[in-house]
Amino acid sequence: MKVRSSVFASFILISEVIGIALFLRGFFPVPVKSSLSAKNRLSDLPAEPLTGGSVNSSRLPQPLFKRVVIMLVDALREDFVFGPNGRMYMPYTRHVVERGSSNSFVAKARPPTVTMPRIKALTTGSIPGFIDVVMNLNSPALLEDNLIWQAKTAGKRIVFYGDDTWVRLFPKHFMEYDGTTSFFVSDYTEVDNNVTRHLDSTLKRDDWDILILHYLGLDHIGHISGPHSSLIQPKLLEMDDILKKIHSALISKEAEGSLPYLLVLCGDHGMSETGSHGGSSEPEVNTPLVLISPAFKRKVGMEKPGVVEQVDLTPTLALGLGLPISQNSVGRLIPGVLDETSLRDQLRFLHLNGHQLSCLLKDSILNYEKEAGFEQFRVAEKAHGSWMKLYLEGNTSEVLTNMGKKVLKQYLEALAAMSSALSKQLGKYDLYSMIAGMVFVFQLLLVLLLAMPEALSGEAAVDLPVLSVLLSLPFYLLCLLLASVHVLVCTSAESSCYFCSLSWGLVFAAVAFSSAMFCILVSMAARQLPLGPKIHGKSPLKSSGSEWSLSELDVLLLAGTVGHTLSLAASSFVEEEHQTWYFLLNTLCLAVFQDVCRKYFREQRGSGDEEDHILPSKDYHSAHPKAEIFSEKWLALATPPFTLLCCRLLRSLNQTGVQWAHLPDVGHWLNSSEHRTVLSLLAAFCLVLIYLLVQRRCSWVSKVALALGLLGVYSYRAAVGNVLFPWQHSSRATSKGTVEARFVYVFVLGILFTGSKDLLRSQIITADAKLKSRGLWEIYSGLVLLVSLLFRAHNLPVLCCCLLIQTLMAQFIWKRLHYDAAQTTIMHYWFGQAFFYFQGNSNNIATVDISVGFVGLESYVEAPAIFLTALSTYAGPLLWVCHLVCYLSSERDRSPVAVGHGCYCLALLRSVPAAAYIVLVTVLRYHLFIWSVFSPKLLYESMHLLLTAGVCLIFNTMEQSHSPSKS
Amino acid sequence: MWDHEIRAMASTHAIIAASVFMATVLPAVLVPGFSVYGTHLLWLYSVSAAVTAVSVAVFWLLGITPPTKKHTLGYKLSRLVRSCLYFFLSCLFFHTVVVLYGAPLIESAVETFSLAVLLTSLTTLRCLCVLGPSVQAWIRVFSRHGAMSVWDTCLQITVACTVVGAWVGAFPIPLDWDRPWQVWPVSCSLGAMIGYLTGLVAAPAWIHYHRKQLTYKCK
C-alpha cells in the first residue's frame with residue numbers, strides 16, 4: 001500500500017499520541033481520593049455498633065493524650081536509633097526505647113522519599129501520587145483533609161519550628177511558627193539552632209497542645225558527607241540532648257489526673273549509603289518511630305521494633321487526640337498504643353479507623369464488595385455489635401473478654417487487608433501499561449525511521465506492506481503470542497493495571513495493531529537492508545541513491561537534535577532546557593551566517609550571478625538588477641546577525657528555568673507601574689509592526705479586519721490596565737475587558753473565515769495556487785491576531801520578532817540558499833522551540849499562564865479556557881509550524897513534495913525526543929527529581945506531541961488538496 | 001610529500017604546547033595563591049600572553065608569513081598596526097558573539113572579554129601569523145576547499161578545534177553541580193584550551209595520515 005509521506009507521518013503521530021496516553025495513564029496512577037470534597041467532621045462519625053440496641057451511642061472514647069510533641073528529624077535513618085551504633089549515637093533515646101514507657105517501630109516511608117511528599121503523607125495519611133503534585137502546583141497549601149487542619153478546627157493550638165515547607169503547606173494553621181529554609185545545604189548548624197532556640201521558652205509555657213519540630217541538619221550532613229561521616233555522631237548527640245530536654249520538660253509538667261503527654265520521634269525518610277534520598281532502597285525507606293508516653297507500658301529490654309507504615313502515624317495521632325481521621329488516610333491504627341486502654345475503647349478506636357478505611361475503599365475501588373478486607377470489616381462490625389450488647393448488659397465473664405479479643409483480632413486483620421488494598425492502588429507505577437505504551441511508541445518510531453529514504457525521496461510516498469503482512473502467518477502467530485502474554489500478565493498481576501482493565505475489543509485491537517506494526521517493521525527492514533551496502537557502506541539510512549555529503553549545517557542540525565534528546569537525561573538540562581535551545585539556535589544562526597558569507601563572498605566569482613536569475617524572482621523585477629542584487633546581498637548578510645541580536649534581546653525579556661530565574665529581566669521592568677508609558681509605547685510599536693508584517697499577503701478585507709483587530713488588542717490591554725492611551729493619564733478603574741476581547745475574537749473568526757473560504761475556493765473551483773497561498777496566509781494571520789490578544793503586553797515583542805525573523809529568513813535565507821524542505825523544517829522546529837521559552841515558558845507547570853483562559857470570558861468555562869491556555873502556551877512552536885506550512889506550500893513550484901517532506905521531518909523531530917523521554921522517565925522513575933523536574937516535562941512533551949499531530953493533519957489536507965490539481 | 005612541513009609543524013606545535021604548559025606552571029611556582037580556577041583571569045592572561053609571544057616568534061622565525069611585497073619600513077609598520085587593529089577587532093568580535101550566546105552584558109564583562117582575548121590569541125593570532133592581515137586570504141582559507149598549503153589546512157584544523165572546544169565548554173554551565181570549574185568563564189576557556197591543544201596534536205597527525213590525498217591548487 002503506497003501512502004503519501006504526510007499521511008504516513010500523521011498516522012504515526014496520532015498512533016504515538018495514543019501510545020503516550022497509555023504510558024501516561026500507567027505513569028500517573030489515579031490517586032485514591034474520597035469523592036466527598038468536604039473534610040471529615042466529628043459529627044459525621046459512625047455510631048458505636050450495637051445489635052438490637054435502641055440507643056446508638058455515638059460517643060467517642062476519651063482522647064488518649066493531652067499534649068503531643070512531634071520531633072521530626074529529617075533523614076533520620078532507622079539504624080541511627082535501633083542499630084548497633086544507636087547506643088553511641090543517641091544514648092538517651094536508646095535508654096528510653098529499652099527501659100522507658102515507650103513504643104518503638106520501624107516506619108516504612110513510601111518512595112519518593114523526599115521531604116515535601118513525606119510531610120504530606122504524615123499529615124494526610126495518604127500517599128501522594130505524582131499527578132497529585134502536578135495538579136496542586138498552583139496552590140502550595142495543602143487543601144486535602146489533614147491532621148493539622150483537623151487539630152486546628154478542634155481548637156488545638158499548634159506551634160511549629162523548623163523546615164518552612166510546613167509553613168507553606170499549612171498557612172495560618174500554626175499559632176506560632178518559625179520556618180527555616182533548607183536552601184543552604186552546606187549549613188547544618190544554624191538551621192538546627194534556629195529551631196532549638198525557641199525550645200526553652202516554649203516548653204515552659206502551657207498555651208499549646210501540639211508542638212512540631214522539624215530538624216534539617218542531619219539531612220544536610222547526609223548530603224554533604226554521607227551517613228558514615230564524622231559529623232553524624234555530634235549531630236545525633238545534639239538531637240538526643242534535645243529529646244532529653246523535651247522529655248524531662250514534659251515529665252516535670254505532668255500533673256496528676258490530667259491526660260498524659262505523647263512525645264513522637266520520627267524521621268521523614270532515611271538516607272542511602274551515599275547520603276542522598278528519594279529512591280526506594282532499604283536505608284532510604286526505613287525510618288525510626290519512637291512514641292514516648294506514660295500511657296504506655298514500661299519496657300524491660302530491647303525488643304526488635306515492629307514494622308509499621310509511615311502513614312500509620314496519622315490515624316494513631318488523630319484518634320489519640322480525639323480528632324476524626326482525615327478522609328484519604330490509608331494508615332491503620334498502631335495497635336501497641338492502645339494496650340493500656342479498656343477493651344471497649346480499643347474496639348471503638350479500631351471501629352472508627354475501619355469505618356474510615358471502608359468509606360475510602362468504597363470510593364476508590366470499583367468492586368469493593370469483593371475485597372477481602374471489606375468483607376472482614378463487615379463481619380467484625382457485626383461481632384462488635386453483639387459484643388457491645390453483652391457488655392452493656394453487664395456481662396463480665398471471661399467469655400466476653402475472649403469474644404472481645406476475637407473481635408479485636410478480626411478488626412486488625414480487616415484493617416490490614418483494607419489498608420494494603422488501598423495502598424496498592426497508589427504510589428505504584430503501572431509498569432505493564434507503561435511498557436505497553438512504550439512498545440507502541442518505539443515500534444512506530446522505528447517504522448518512521450526505516451521509512452526515511454522513501455519518505456524523503458522525490459516521490460514522497462511510503463510503501464507500507466500492509467496487505468501482505470495481514471495475510472501472513474507470522475502476523476497471526478504474533479497476535480496469539482501477544483494475546484497470551486497479555487492474559488498471563490493480567491492474571492498474575494497483583495496490583496491493578498489500566499491496560500488489563502480495558503475491554504477485550506480494545507485490547508485485541510491493540511494487540512493486532514502492535515503485531516502488524518512489528519511485521520511491517522521487519523519487512524521494511526528486510527527491504528532496506530540489501531539496498532544498504534550497495535549504495536554506501538556507512539550510512540544506509542541516510543543514503544538516498546546519489547552521493548550524500550553532509551554540510552556543516554547538516555552536521556549541526558543532526559548533532560543538535562541528537563544532543564538535545566540526550567541532554568534530557570540530566571535534570572539540570574531539563575530545568576534549563578531553554579539554554580540548550582538558545583545555544584543551538586545561536587549556533588544555527590552562525591552556521592547560516594557562514595553559509596551566506598560563503599555564497600556571497602566566495603562563490604560569487606565562480607558561478608557569477610546566474611544563480612540568482614535561475615530563481616523565479618517574481619517580486620524583484622530586473623529594472624535595476626545591479627542595485628537590487630547589491631542591496632539584496634547586504635540584506636541577506638545582515639539577516640543572521642539581526643536574528644542573533646533579536647534572540648539575545650528576547651532572551652533577556654523573560655528569565656526562565658530554575659537557576660537564573662530570579663535574575664531581574666526586562667519583562668519585570670516593563671511590568672512595573674512606573675514604566676507603563678514605555679510598555680504602552682512598546683506595545684503600540686509592536687502592534688504596528690505586526691500589522692505591517694502580516695498584511696502584505698492578505699486580501700483587503702482581511703487587512704481591514706486585521707487593523708481593527710489589532711486596535712482592539714490595544715484597547716483590551718488598556719482596559720485591563722496594562723497599557724495607557726495617550727489621552728488617559730491617571731490609571732482609571734480597570735475592567736475585565738470582556739467587550740474588547742470579544743471584539744477581537746469577532747475579527748479573528750472573520751479572518752479565519754475568509755482564509756478558509758479562499759482555501760476552499762482554490763481547492764474546489766479554480767485550483768489557483770495563488771489564491772490558496774493567500775488563504776493559508778490569512779489563516780496564519782488570524783492565528784497571529786489571536787496570539788497577540790492572548791500574549792501579555794510585555795510579550796508582544798516576542799511575537800513581533802517572530803514575524804520579523806520569519807519574513808527576513810524566508811525572503812533572504814531559505815529561498816536564496818536553496819535549503820531543502822528537511823533543513824527548513826528543522827530550522828523552523830528549532831526556532832519554534834526557542835520561542836516557546838522566549839515567551840517565558842519553562843518545563844515547570846507553574847509558568848503556564850492560566851489567566852489567558854479568562855480573556856473575553858465572564859467566568860471560567862472549561863473548554864475555551866483550556867484551548868486558549870494551550871494555544872498561548874504553545875504559541876511559539878505553533879506560529880513557526882504554521883509559517884512552515886505557508887512557506888513550504890508557497891515553495892511548491894520549486895519542489896512539489898516539499899510539504900510531504902516537511903510533515904515527515906516534523907513528525908520525526910517530535911517523536912524522537914518524546915520516545916527517548918518516556919524511556920528516560922521509566923528508567924529514572926525513582927530519581928529524586930522525578931516529581932519536580934521530569935514529570936512536568938513529560939506532560940509538556942505529550943502535549944506538544946498532541947499539538948504536532950494536529951498540525952500534521954493540517955499539512956495533510958494541504959497536500960491532499962494539491963494532488964488533484966496536479967493531475 | 002610534505003614531510004619537511006609536517007616535521008616543522010610538529011615541532012612548532014610542541015613549542016607552543018610547551019609554552020602553554022610553562023605559562024601554567026611558572027605562575028603557580030612564582031605567584032603565591034595561584035590556581036587555575038581561583039585566579040582564573042591571571043591564568044588566562046598568562047596563557048594568552050605566552051601563546052601570543054611564542055607563536056609570533058616561532059612563525060616569524062620559520063618565515064611562513066607570506067612575503068611582503070614592499071620592504072619599506074612604513075609598509076611593515078602599517079602591517080603591524082593593521083595586525084594589532086585586527087587583533088583588537090577580533091577580541092571585540094568574539095566578545096560580541098559570546099554575549100549573543102547569552103553571557104551577561106554588563107555584569108561580568110571583564111571575564112567575557114578575557115575569554116575573547118584568549119580565543120583571539122588562540123585563533124586570530126595564528127591567522128595573522130600565517131596569512132597576514134588580509135581579509136581576502138582569511139575568507140579564502142575558511143571556505144570550502146580553500147586551503148592552498150599544508151599550513152592552511154593546519155590553521156583550519158586548529159581554529160576549528162579551538163572554537164568547537166569553547167563551544168562544548170559551555171555545556172556544563174547549567175548543571176547544578178556547584179563545581180569551581182562551572183563558574184563563568186572557566187569551563188569555556190578550559191574547553192578552548194583543551195580544544196586548542198587537541199588541535200595542535202591533531203593537525204600534524206591528520207596531515208601526516210592524509211598526506212597522499214592532499215593536493216593543493218595554486219593561485
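Residue numbering restarts at 1 for every chain, and letters A, B, ... go by the order of the sequence lines.
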* Asked: Taking the six-membered ring for Trp, are A:Tyr582 and A:Phe838 ring centroids under 6.0 Å apart?
  -> yes
Under 3.5 Å, is there a donor-acceptor pair between the [X] and [Y] side chains?
X: A:Ser842; Y: A:Thr656; answer: no
X: A:Tyr819; Y: A:Asp595; answer: yes
X: B:Thr123; Y: B:Tyr196; answer: no
X: A:Asp554; Y: A:Gln823; answer: yes

* Asked: Hey, are the side chains of B:Asp152 and B:Leu131 touching, using non-hydrogen atoms and a 4.5 Å cut-off?
  -> yes
* Segment of B:Phe142 engaging chain A (4.5 angstrom heavy-atom cut-off) -> backbone
* B:Val97, part contacting chain A, at a heavy-atom distance under 4.5 Å -> side chain
Sort [X] into side chain, backbone, both or neither according to what part of it lies under 4.5 angstrom from a heavy atom of chain B.
X: A:Thr580; value: neither
X: A:Phe583; value: both
X: A:Leu585; value: neither

* Asked: Using a heavy-atom distance cut-off of less than 4.5 Å, which residues of residues 102-112 of chain B contact chain A?
  -> B:Gly102, B:Ala103, B:Pro104, B:Leu105
* Determine, for A:Arg598 against A:Glu552, whether the closest basic-nitrogen to carboxylate-oxygen distance falls under 4.0 angstrom. => yes
* Asked: Under a 4.0 Å N-O cut-off, is there an ion pair linking A:Lys937 with A:Glu577?
  -> yes
* **With sequence neighbours excluded, residues passing ring pair (Phe, Tyr, Trp, His ring centres under 6.0 Å) with A:His675** => A:Trp669
* **Residue list, side chain to side chain contact (heavy atoms under 4.5 Å, CB included) with A:Asp665, at least two apart or on another chain** => A:Gln655, A:His668
* Taking non-hydrogen atoms and a cut-off under 4.5 angstrom, which of residues 645-654 of chain A neighbour chain B? -> A:Leu645, A:Arg648, A:Arg651
* To do: Show the numbers, then the answer: is there a ring-ring contact (aromatic ring centres under 6.0 Å, His included) between B:His40 and B:Trp43?
  => CA-CA 5 Å; B:His40 186 67; B:Trp43 174 79; 5.5 Å; yes
* Asked: Has A:Phe642 got more than 12 heavy atoms of other residues, nucleotides or ligands less than 6.0 Å from its CZ?
  -> no
